[in-house]
Amino acid sequence: MLKWYGCEIKGKIFDTLLAHSLIDPEGKGNMDWLSAKYLNYEPIHIEELIGKKGKNQGNMRDVELEKIKEYAVEDADVTLQFKEIFIPKMQKCEVEKVFLEVENPLVPVLTDMEYEGVRIDVDFLNEYSKVLEIEARVQEEKVYESAGIRFNLGSPKQLGEVLFERLKLDPKARKTKTGQYATDENVLRKLAVVHPVADNILAYREYTKLRSTYVDALPLLINKKTGRVHTTYGQAAVVTGRLNSNNPNLQNIPIKTERGREIRKAFIPRDDKHVLVSADYSQIELRIVAALSGDAVMCEAFRQSKDVHTATAAKVYGVEEEAVTKEMRRKAKSVNFGIIYGQGAFGLAENLGISRTEAKTIIDNYKKEFEGITRYMDDMINYAREHGYVQTVMGRKRWLRDINSSNFTVRGYAERNAINSPIQGTAADMIKLAMVKVHHALKEKAFKSKMILQVHDELVFDALQEEVEDLQPLILDCMQSAMVLPNGVPVIAEVGTGINWLEAH
DNA sequence: ATAAGCACGC
DNA sequence: GACGTACGTGCTTATA
């Protein structure tokens, strides 16, 4: 008989070993057959587990599954056997560092977080569901009234026909690749100038999305035994090295809109002796760009704790920082964001609602003022061309076989990946190291508070109230010291506390 | 079952 | 002149 976490750990190690980024440049490993949910929070025999592996096929995996059977029943610690197989493979790919120092130590951290889960306020969600249903219905009726016809508003196909054939709102309506009219948010927002029905549709979309994906779905995923929601984190799903989360995905809980944000009130501490504590990195990806590129201006802005978007705007527009307007800052912020993703003038123009010429001027100025960043972007592309991959600070690799493609589109995509992956991946390395550190510190100092969620640059804790005062600086210290960035770029994290996730954030 | 279209997060 | 912002999960509808 194995302990549940024994199985879980082996499953996740396995997952990691098979990962795209570590071993196999061709494919992805994705084995969640040992997820905590299948284990039902009880010890379980290995034979039973393997019976539940379900639809995971693939020759290599089946061979290794046999090995689990072979060793696991006798000895819960099968790591050694796996090591013999996988360590040489990792050494060949030169990725053992990120495995041994980041992914493997993270395994028990994630299993603890999954096991812990999070409490959900079901009554609150049920009430909110009714509100959203009524509001959605109101909007829906308004749409039918405007259109003079009843149809299925949930169908983009039917909606497109009503908007562009019946109401003829836009003679040049864009179509999707399948020849259907596009009716996404961008299209509808432009249409709102022509006809008020667009706003009703947008509102309807928002309310029904919130209801179906979150408000009604979350209570159904509460575990009967624990009364809590237990997500599953994947270490081998995201090519850049980020975690993923599913069943439910707790990394895409709404925050942007007023009504969406409400849902965060349903994430609550385990009882009235606890509160939620949330800590997040400030501007982490931009700090990493600055540090890795060594860009003098951007590094200095961070060292002096300046508002980086304001500093950027001052440089791009050639004015003093005091003279930067809100509008200038907004545009600069958008450029900073776009730089990380290798965005061009078209994308920036689209995003900001400005002309392509203006966008081009902004980008040209940016490249001139931030030479280090411009050089860094070129360096990453050249490195990828030469080696076929790019890597993060911890040596995580992303293979980019299309980097030398003669096809403009395909190559351009690979080039953006060459720029973005080391940044996004290094941020992932950093928070993973921080999680291991926090986890260890909580154990060592016998805290009763638990780390329960990770959302890429944020960690959430179910914290005993009397521990909060000590817990907060501990979390911040672990996060800020997990990885020291070069060029003196400081890493800053911020922390908050509240009776729900919205208040804590 | 699978694809398309859409929308939520960082 | 192409193409047009990185990485995900999951809902509903429509078609096979």
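Within every chain, numbering begins at 1; the chains are lettered A, B, ... in the order of the sequence lines, protein sequences first and strands thereafter.
- When rounded to the nearest whole Å, the span between CG of Leu218(A) and P of dG10(C) equals 11 Å.
- Salt-bridge annotation for Glu140(A) and Arg150(A): absent, with no side-chain N of the basic residue lying under 4.0 Å from a carboxylate O of the acidic one.
- When each of Ser212(A) and Phe408(A) is assigned the nucleotide of DNA chain C with its nearest heavy atom, Phe408(A) is the one assigned upstream, toward the 5' end.
- Using a 4.0 Å cut-off between a side-chain N of Lys or Arg and a carboxylate O of Asp or Glu, Arg411(A) and Asp402(A) do not qualify as a salt bridge.
- What separates CG of Asn152(A) from P of dC11(C) is a distance of 17 Å, to the nearest Å.
- Only one option out of Thr111(A), Asn244(A), Leu453(A) pairs with Tyr233(A) in a side-chain contact (heavy atoms from CB on, under 4.5 Å); it is Leu453(A).
- Atom CD of Glu415(A) is separated from atom P of dA2(C) by 17 Å (rounded to the nearest Å).
- At the heavy-atom level, Ser421(A) lies nowhere under 4.0 Å from the strands shown.
- We find that OH of Tyr214(A) is positioned 13 Å from P of dT9(C), with the value rounded to whole Å.
- The aromatic rings of Phe164(A) and Tyr181(A) sit tilted, their planes meeting at an angle between 30° and 60°.
- Nucleotides of DNA chain B with any atom under 4.0 Å from a heavy atom of chain A span, from 5' to 3', dA4(B) to dC10(B).
- Comment: Asp364(A) engages Lys360(A) in a salt bridge, judged by a side-chain N to carboxylate O separation of less than 4.0 angstrom.
- The separation of dA2(C) from dA7(B), taken at their C1' atoms, amounts to 29 Å, rounded to a whole angstrom.
- Residue-level contact check: Ser245(A) touches the backbone only, with heavy atoms under 4.0 Å from sugar-phosphate atoms and none from bases.
- The phosphate of dT13(C) (OP1 or OP2) has no side-chain N or O of Gln180(A) nearer than 4.0 angstrom.
- With C1' as the reference atom, dT5(C) and dG9(B) are 15 Å apart, rounded to whole Å.
- Ion pair Glu141(A)/Arg137(A) not flagged as a salt bridge, since none of the NZ, NE, NH1 or NH2 atoms sits closer than 4.0 Å to an Asp/Glu carboxylate oxygen.
- In this structure, Asn186(A) places its CG atom 15 Å from P of dG4(C), rounding to the nearest Å.
- Comparing the same atom, C1', in dC3(C) and in dC6(B) gives a spacing of 22 Å after rounding to whole Å.
- Heavy atoms of Asn420(A) sit under 4.0 angstrom from primed sugar atoms or phosphate atoms, though from no base atom.
- Between Asn249(A) and dG10(C), a side-chain N or O to OP1/OP2 separation shorter than 4.0 Å is absent.
- Along DNA chain C, the nucleotide closest to Arg416(A) and the one closest to Ser155(A) are compared, and the more 5′ of them pairs with Arg416(A).
- Using a 4.0 Å heavy-atom criterion, one finds that Leu210(A) contacts no nucleic acid atom at all.
- Remark: dA2(C) base-pairs with no nucleotide; criterion is Watson-Crick or G-U wobble with both hydrogen-bond distances under 3.5 Å.
- Atom CD in Gln454(A) sits about 13 Å away from atom C1' in dC7(C), given to the nearest Å.
- Backbone-only contact: Asn417(A) has heavy atoms under 4.0 Å from sugar-phosphate atoms and none from a base.
- Using a 4.0 Å heavy-atom cutoff across all strands shown, Arg261(A) reaches no nucleic acid atom at all.
- Among the heavy atoms of the strands, none lies under 4.0 Å from Glu350(A).
- Comparing dG5(B) with dG4(C), their P atoms are spaced 15 Å from each other, to the whole Å.
- On a pure distance criterion of 3.5 Å, no polar donor-acceptor pair joins the side chain of Asn247(A) and the base of dT9(C).
- Ala349(A) comes within contact range of no nucleotide atom at all, as no heavy-atom separation falls under 4.0 Å.
- Between Tyr233(A) and dT9(C) there is no side-chain polar atom (N or O) within less than 4.0 angstrom of OP1 or OP2.
- When heavy atoms are screened at a 4.0 angstrom cut-off, Ile253(A) is found touching the sugar-phosphate backbone but no base atom.
- Ionic pairing of Glu103(A) and Lys432(A) is present here: one or more N-O contacts between side-chain nitrogen and carboxylate oxygen are shorter than 4.0 angstrom.
- Looking at heavy atoms from C-beta onward, Tyr281(A) lies in side-chain contact with Met479(A) at the 4.5 angstrom threshold.
- Across all strands shown, Glu185(A) has heavy atoms under 4.0 Å from sugar-phosphate atoms exclusively, and none from any base.
- Between the P atom of dT5(C) and the CG atom of Asn336(A) lies a distance of 16 Å, rounded to the nearest Å.
- With dT9(C), dT5(C), dA14(C) as the candidates, the nucleotide lying closest to the side chain of Phe337(A) is dT5(C).
- A salt bridge does not link Arg205(A) to Glu185(A): none of the charged side-chain nitrogens sits closer than 4.0 Å to a carboxylate oxygen.
- Gly347(A) comes within contact range of at least one nucleobase, with a heavy-atom separation under 4.0 Å.
- Note on Lys142(A) versus Asp199(A): no salt bridge recorded, every NZ/NE/NH1/NH2 to OD/OE distance being 4.0 Å or above.
- Going from atom CZ of Arg356(A) over to atom P of dT5(C) covers 11 Å, rounded to whole Å.
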